[in-house]
There are 2 protein chains.
Amino acid sequence: MPRPRAAERGSGKERDAVSEFTTERLSVYLRCLTILETAGVKTISSSRLAERFHLNSAQIRKDLACFGELGVRGVGYQVGALRRHLTTTLGLDRLRRMVIFGAGNLGLALSDYPGFNSDGFVVTAVFDSDPAKHGLASRGGIPILPNAELPRVLDAGEVDLGVIAVPAAAAQSVYDTLADAGIRAILNFAPVQLHQRPGVRTRSVDLRINLESLSFSLANNE
Amino acid sequence: MPRPRAAERGSGKERDAVSEFTTERLSVYLRCLTILETAGVKTISSSRLAERFHLNSAQIRKDLACFGELGVRGVGYQVGALRRHLTTTLGLDRLRRMVIFGAGNLGLALSDYPGFNSDGFVVTAVFDSDPAKHGLASRGGIPILPNAELPRVLDAGEVDLGVIAVPAAAAQSVYDTLADAGIRAILNFAPVQLHQRPGVRTRSVDLRINLESLSFSLANNE
DNA sequence: GCATGTGAATGGATTCACAGCT
DNA sequence: AGCTGTGAATCCATTCACATGC
């Protein structure tokens with residue numbers, strides 16, 4: 001097993017063995033470039049980008065070099081062009097529709113979370129097994145539907161991404177439902193080691209582990 | 001810089017150079033042991049633990065060996081004793097009080113999130129800069145206070161952990177406020193590279209990067 | 001001259017495989 | 001015989017340092 005880690009990494013192969021660490025940093029670079037473009041900066045070198053945003057210049061160059069010769073030697077990178085390139089590379093030039101399972105505190109918060117409803121992402125529905133919630137909606141107006149409605153939502157339009165925000169005990173079953181429905185990318189918030197399916201890209205965010213890790217530091221940092 | 005990563009790692013030294021990857025896995029092991037103990041299992045070997053929860057047996061042994069000879073050769077580990085040991089090691093045998101900055105969707109959801117209000121953790125207050133929210137409370141009853149009330153809350157009782165759930169633009173300022181107030185552990189949800197203080201253990205969870213990383217996989221997987 | 005792209009060096013996490021204990 | 005604890009081997013991400021190109 002290659003680096004399973006607590007926040008486990010997904011299955012499925014990238015096109016050219018671009019590491020997950022690299023792809024995560026691409027998101028960071030994209031954000032930095034957006035800030036620079038807004039500020040009117042046209043060109044930037046890896047070293048000044050590194051300096052400005054507390055990154056490492058060699059790493060920036062190596063990460064970007066995975067996708068061709070994006071810079072100009074002696075000059076640096078064109079901010080606008082590079083931003084557009086990263087946007088395409090990350091697949092953010094098209095709309096990613098998401099469904100969330102679990103209309104609890106976390107699920108509803110994520111439904112309305114700006115980062116989940118902007119720049120290429122949109123939450124289309126929240127599913128919950130509790131009949132008392134059906135027909136209701138999040139504060140932002142995302143409808144809460146019965147789990148059984150998933151096929152209908154899938155028929156009505158492409159869904160690219162599933163989010164699991166149900167209690168640990170229900171997570172595997174929701175995962176399987178999503179996988180069976182043909183969803184190829186899943187973000188899991190339940191604190192369980194999911195038994196993953198091949199062909200389904202899965203990432204887990206374990207909020208509790210972050211707390212416990214901080215607690216460990218407090219307990220052991222002298 | 002040693003592995004800053006998108007979800008950046010904090011500052012401050014562990015007692016015996018126990019890696020952050022190891023401490024994250026300790027949380028996982030603790031969960032597994034709790035399940036086993038509830039199921040009445042008294043003893044377990046690293047290989048059966050690995051099998052049962054999709055882990056690696058050598059890694060389990062190596063991780064646990066950081067904290068002394070916890071197992072018995074030829075037998076395995078005592079479930080109950082090991083669970084208690086990990087609980088203490090992770091500092092979960094005492095109560096960790098937390099304050100959350102940002103009473104938006106995310107901040108309020110986290111305030112009531114079971115994982116943030118059980119087994120050693122409790123959210124004592126939510127702070128927000130919007131006067132319209134002061135005096136209100138989360139659904140679960142955590143009061144929303146003005147930022148200026150932080151010193152009073154600190155005087156009233158120990159606060160071990162701060163959570164940043166404000167928009168990106170306000171995150172650094174909240175971070176500095178928490179650091180100035182003497183809080184030594186911070187969990188940040190804002191999508192920014194924080195300028196960190198020495199002596200303050202910081203972890204960042206970047207929800208947006210998880211989405212973008214999944215989007216990348218969808219765009220580049222075959 | 002200056003900054004990229006990259007082979008080589010480094011550092012560290014994971015896995016292997018076995019010595020040592022029960 | 002079985003399982004832990006661990007040195008050795010492996011793998012991989014990061015960093016260095018420089019040849020290459022504008």
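A note on names: the letters A, B, ... follow the listed sequences, proteins ahead of strands, and every chain is numbered from 1.
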Check R31(A) with D119(A), please: is the shortest side-chain N to carboxylate O separation under 4.0 Å?
no
Interatomic distance, L49(A) CG vs dA3(C) P [rounded to whole Å]:
13 Å
Verify the contact: side-chain N or O of R25(A) to OP1 or OP2 of dT14(D), cut-off strictly under 4.0 Å; return yes or no.
yes
When you measure from the side chain of R61(A), which nucleotide among dC16(D), dG5(C), dC16(C) comes out closest?
dG5(C)
Around atom CZ of R94(A), are there more than 12 heavy atoms of other residues, nucleotides or ligands at under 6.0 Å?
yes
Round to a whole Å and report the spacing from CZ of F21(A) to P of dG11(C).
19 Å
Separation of dT4(C) C1' from I44(A) CD1 (nearest whole Å)
14 Å
Whole-Å distance, N56(B) CG to dT10(D) C1', equals 13 Å
Rounded to whole Å, CD1 of I60(A) lies from C1' of dC16(D) at a distance of 15 Å
Heavy atoms from C-beta onward define the side chain here; which of dT4(C), dA8(D), dT6(C) lies closest to that of S46(A)?
dT4(C)
Under a 4.0 Å threshold between the charged nitrogen and the carboxylate oxygen, would E158(B) count as salt-bridged to R96(B)?
no
Rounded to whole Å, CZ of F67(B) lies from C1' of dT4(D) at a distance of 17 Å
Of the listed nucleotides dG5(D), dA17(C), dA8(D), the one nearest the side chain of K62(B):
dA8(D)
Residues within residues 71-83 of chain A bordering DNA chain C, heavy-atom distance below 4.0 Å:
G71(A), V72(A), R73(A), G74(A), V75(A), G76(A), Y77(A)
Should D160(B) and R184(B) count as an ion pair when the cut-off is N to O under 4.0 Å?
no
Partners passing salt bridge (Lys or Arg N to Asp or Glu O under 4.0 Å) against E37(B) (at least two apart in sequence or in another chain):
R83(B)
Expressed as a whole number of angstroms, how long is the span from L55(B):CG to dT14(C):C1'?
13 Å
Among all residues two or more places apart in sequence or in another chain, which pass the side chain to side chain contact (heavy atoms under 4.5 Å, CB included) test with V72(A)?
V75(A)
Looking at every strand, decide which applies to L64(B) at a 4.0 Å heavy-atom threshold: base, sugar-phosphate, or nothing.
nothing
Calculate the interatomic distance between E51(A) atom CD and dC2(C) atom C1'; express it in whole Å.
15 Å
Comparing T22(A) and L70(B) on DNA chain D - which has the more 5′ nearest nucleotide
L70(B)
As a test of reading the structure: which of dA13(D), dA8(C), dG5(D) is closest to the side chain of S19(A), going by heavy atoms?
dA13(D)
Quick test of your reading of the model: are R84(A) and D93(A) salt-bridged, counting only N-O distances below 4.0 Å?
no
